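In listed order, ligands and their atoms are each counted from 1. Worth saying up front: this structure is predicted, and the values here are computed from it rather than measured.
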Amino acid sequence: MNQESAVVVGGGICGLVAALLLKKNYKEVTIIEQSTEVGGLFRSVSDSEGVRYDMGSHIPNSTGIDDIDSLLFPKNEIEKNWNVIPELKSGNYFFGSWDLESPFPDGRKIDPAHYATACGELVGLADLSSNPLIYYYCLETLGPIFTHTIILPILQKLYGQNVDYKSLTMDAGLFGFTRILALPRDVAAKLKELPAFDAKLGYQNKTDFLLRMQREPRISPTYFYPNGNKSVECLISILKDQIHEQGIVIRTSTSVDKINVEGTEVKSIALNEVAEAVKCDLLFWSAPPFLALKAMDIPTPASKVVLRTAVIFHLNFDLALLDTQSHYLWVWEHSTSIFRLTLYPNLHGSVKYNNLSVEILCAPNEVDQFIVEDIVKELQDMGIVSEQAALISHVKQIEHNTFPVPTTAFSQNSKYNYDKLCESVDNIIVSGRYGGKCWRQADVLVDAYNSIKAIE
Ligand SMILES: Cc1cc2nc3c(=O)[nH]c(=O)nc-3n(C[C@H](O)[C@H](O)[C@H](O)COP(=O)(O)OP(=O)(O)OC[C@H]3O[C@@H](n4cnc5c(N)ncnc54)[C@H](O)[C@@H]3O)c2cc1C
């Protein structure tokens, strides 16, 4: 045992995994979580009928790093807990119809009067743009027509009608919609052999994709979903069991008042309503970095961060969902605010309930605009729920501070706070989705793992 005490701030999946990794080298590890429960975006909710739904993230996947995967998906417990999903199935709804073969918006659905010109623009742009701003990147790769008819309305749907879309960085395309379907199928498949076209065109059917995989095999992650009527919070229970076994202390409903620093070393952490400061030889910070700077009395730049609120309707019907294949679906259609659907029966691999979650992003003051009756009607109009189906039970969840509006000002602000925190003290690791380096579950955990390895 080399060190005495590590403190982990933030009890989301990143903080929980980090605590277990740190326990190998630290005698005492304490997790500080401001909410009443740990789990962050991997928590779940139940409706009045006891049906479970996920509150944020849905389908955890392996990272390829055994030290992490063995914590998340212990081999001897896989059968007990998880439905293993070797291939994640997703499709998308766009211009009034479903495409269950591809997650990417289909340019062939735009007004036929403009389609040929749009394809000409796309083919003429043979170099891969390195523009860091998404609007200009799309102009330089997809051309003006596809950018204005497909991409811009999606950006406005996700980040707000009045968003300064010209200042959005490539992070705004985190769901991958900057790749589209266009051109005849065989032409698109051939062009995808060139990197610039591979980056902007999707395969139009599974066969073309599988042929590519045969030519260039890749290791893809394994996806998992809890079996039975468990929800993704199962992952948190698995981690919590190990945390308790290891004697790691979890303090919920607790926040950091002050970080006590001597020279360039964090020495202890003063907590709200706890008289004695917690000794700290290493601080692992997965909460927003500006809060750590504040707790060290280091000035932060005026905040330019705008965070989107997620409104999630969790719905349970009396009849089966009409899509019995897809695990989740994108809704790129411009006329609805819905952007993603998660179909639980297909994730569980069994039909105990006919339940799904419907995600919408909006400004905090817009949450009352969305009502369950309208959402059910939209799902019926889209043909995902039968016209005859009745809603048995539901929950409307409102989750503030989910996705940042990724403007250049946001990136600069995040980078400043991250750099400032890392350079202010030596014994700190800044990680997690708030660290700003990555966002997806597996990437966040790999980043935490590498950061911990680097100081061992
Ligand atoms: C709606 C939504 C859907 C998503 N879907 C996917 C997906 O399909 N696939 C995927 O890979 N990723 C997805 N993600 C991203 C995924 O949820 C994150 O990668 C993951 O949750 C990051 O874990 P984290 O611990 O860094 O952050 P979080 O889960 O946000 O946890 C941070 C924790 O820190 C706590 N905290 C904050 N401030 C303080 C403080 N001052 N003091 C103490 N504690 C504090 C919070 O309460 C929280 O518990 C999704 C995210 C959202 C918002």
Novice: What part of Cys14, side chain, backbone, both or neither, has a heavy atom within less than 4.0 angstrom of ligand 1?
Specialist: both
Novice: Going by heavy atoms, is Arg340 under 4.0 Å from ligand 1?
Specialist: yes
Novice: I need the atoms of ligand 1 closer than 4.0 Å to a non-hydrogen atom of Ile32, numbered in the order shown.
Specialist: 43 (C), 44 (N)
Novice: Tell me, which protein residue and heavy-atom name are nearest atom 40 (C) of ligand 1, and how many Å apart are they?
Specialist: Gln34 OE1, 3.6 Å
Novice: Quick one: side chain to side chain contact (heavy atoms under 4.5 Å, CB included) partners of Pro132, sequence neighbours excluded?
Specialist: none
Novice: Distance to 0.1 Å, residue and atom name: give those for the protein heavy atom nearest to atom 2 (C) of ligand 1.
Specialist: Phe403 CZ, 3.6 Å
Novice: So for ligand 1, is Glu37 a polar contact partner (N or O within less than 3.5 Å, distance only)?
Specialist: no
Novice: Look at atom 19 (O) of ligand 1 and say which protein heavy atom is nearest, naming residue and atom and giving the distance to 0.1 Å.
Specialist: Trp439 O, 2.3 Å
Novice: Show the atoms of ligand 1 that are less than 4.0 angstrom away from any heavy atom in Gly432.
Specialist: 26 (O)
Novice: Could you tell me whether Lys294 atom NZ has more than 12 heavy atoms of other residues or ligands within 6.0 Å of it?
Specialist: no
Novice: Taking all heavy atoms of Pro289 and all of Asn417, pick out the closest pair and write down the distance.
Specialist: CB-CB, 4.1 Å
Novice: For the CD atom of Gln325 and the OG atom of Ser90, what is their distance to the nearest 0.5 Å?
Specialist: 12.5 Å
Novice: For His58, is at least one N or O under 3.5 Å away from an N or O on ligand 1?
Specialist: no
Novice: Got an N/O contact under 3.5 Å between Ser286 and ligand 1?
Specialist: no
Novice: Can you pull out the closest protein heavy atom to atom 33 (C) of ligand 1? Residue, atom name and distance to 0.1 Å, please.
Specialist: Gly12 N, 3.5 Å
Novice: Classify the ring geometry of Trp330 against Phe175: parallel below 30°, tilted from 30° to 60°, perpendicular beyond 60°.
Specialist: tilted
Novice: Hey, is Leu291 one of the residues with a heavy atom under 4.0 angstrom from ligand 1?
Specialist: yes
Novice: Check the angle between the aromatic planes of Trp82 and Phe73 and answer parallel, tilted or perpendicular using the 30° and 60° thresholds.
Specialist: perpendicular
Novice: Tell me which protein heavy atom sits closest to atom 34 (O) of ligand 1, plus the residue, atom name and distance to 0.1 Å.
Specialist: Gly10 CA, 3.3 Å
Novice: May I ask whether Ser35 has any heavy atom positioned less than 4.0 angstrom from an atom of ligand 1?
Specialist: yes
Novice: With Ile150 as reference, evaluate Phe94, Trp332, Phe177 under the side chain to side chain contact (heavy atoms under 4.5 Å, CB included) test and give the passing residue.
Specialist: Phe94
Novice: Is Val256 in contact with ligand 1, taking contact as a heavy-atom separation below 4.0 Å?
Specialist: no
Novice: Please report whether ligand 1 has a polar contact with Tyr434, defined as an N or O pair separated by less than 3.5 Å (distance criterion only).
Specialist: no
Novice: Measure Ile13 to ligand 1 on non-hydrogen atoms and call it side chain, backbone, both or neither using the 4.0 Å cut-off.
Specialist: both
Novice: As a check for students: among Ser57, Ala295, Cys438, identify the option with a heavy atom nearest to atom 6 (C) of ligand 1.
Specialist: Ser57
Novice: Which atoms of ligand 1 have any heavy atom of Gln441 under 4.0 Å away?
Specialist: 10 (C), 11 (O), 12 (N), 19 (O)
Novice: Run the numbers for me: atoms of ligand 1, each under 4.0 Å from some heavy atom of Arg440, listed by number.
Specialist: 11 (O), 12 (N), 19 (O)
Novice: State plainly whether the residues Asp164 and Lys166 are in salt-bridge range, i.e. N to O under 4.0 Å.
Specialist: no
Novice: Any carboxylate oxygen within less than 4.0 angstrom of a Lys/Arg side-chain nitrogen, looking at Lys377 and Asp381?
Specialist: yes
Novice: Using a 4.0 Å heavy-atom cut-off, which part of Pro60 comes near ligand 1: side chain, backbone, both, or neither?
Specialist: neither
Novice: Consider every N or O of Leu41 and every N or O of ligand 1, then say whether any pair is closer than 3.5 Å.
Specialist: yes
Novice: Under the side chain to side chain contact (heavy atoms under 4.5 Å, CB included) test against Leu421, which residue among Leu291, Val430, Ile259 passes?
Specialist: Val430
Novice: Verify whether one side chain among Ser231 and Glu233 offers a donor that lies under 3.5 Å from an acceptor in the other.
Specialist: no
Novice: Applying side chain to side chain contact (heavy atoms under 4.5 Å, CB included) between Ser424 and each of Val261, Val266, Thr264, Ile298, report the one that passes.
Specialist: Ile298
Novice: At less than 4.0 angstrom from any non-hydrogen atom of Gly40, what atoms of ligand 1 do you find?
Specialist: 29 (O), 31 (O), 48 (C), 49 (O)
Novice: Does the structure place the NZ or CZ of Lys396 under 6.0 Å from the centre of the six-membered ring of Phe370, at an angle of no more than 45° from the ring's axis?
Specialist: no
Novice: Taking non-hydrogen atoms only, is Tyr328 closer than 4.0 angstrom to ligand 1 via side chain, backbone, both or neither?
Specialist: neither
Novice: Would you call Asp297 and Lys258 a salt bridge, taking side-chain N to carboxylate O under 4.0 Å as the test?
Specialist: yes
Novice: If I apply the N/O under 3.5 Å rule, does Arg433 come out as touching ligand 1?
Specialist: yes
Novice: I need the contact type for Glu359 against ligand 1. Using non-hydrogen atoms and a strict under-4.0 Å cut-off, is it side chain, backbone, both or neither?
Specialist: side chain
Novice: Heavy atoms, side chains only, cut-off 4.5 Å: are Tyr203 and Ser102 in contact?
Specialist: no
Novice: When you measure from atom 46 (C) of ligand 1 to every protein heavy atom, which one gives the shortest distance, and what is it?
Specialist: Glu33 OE2, 3.5 Å
Novice: Does the side chain of Leu41 come within less than 4.5 Å of Gln441's, by heavy atoms?
Specialist: no
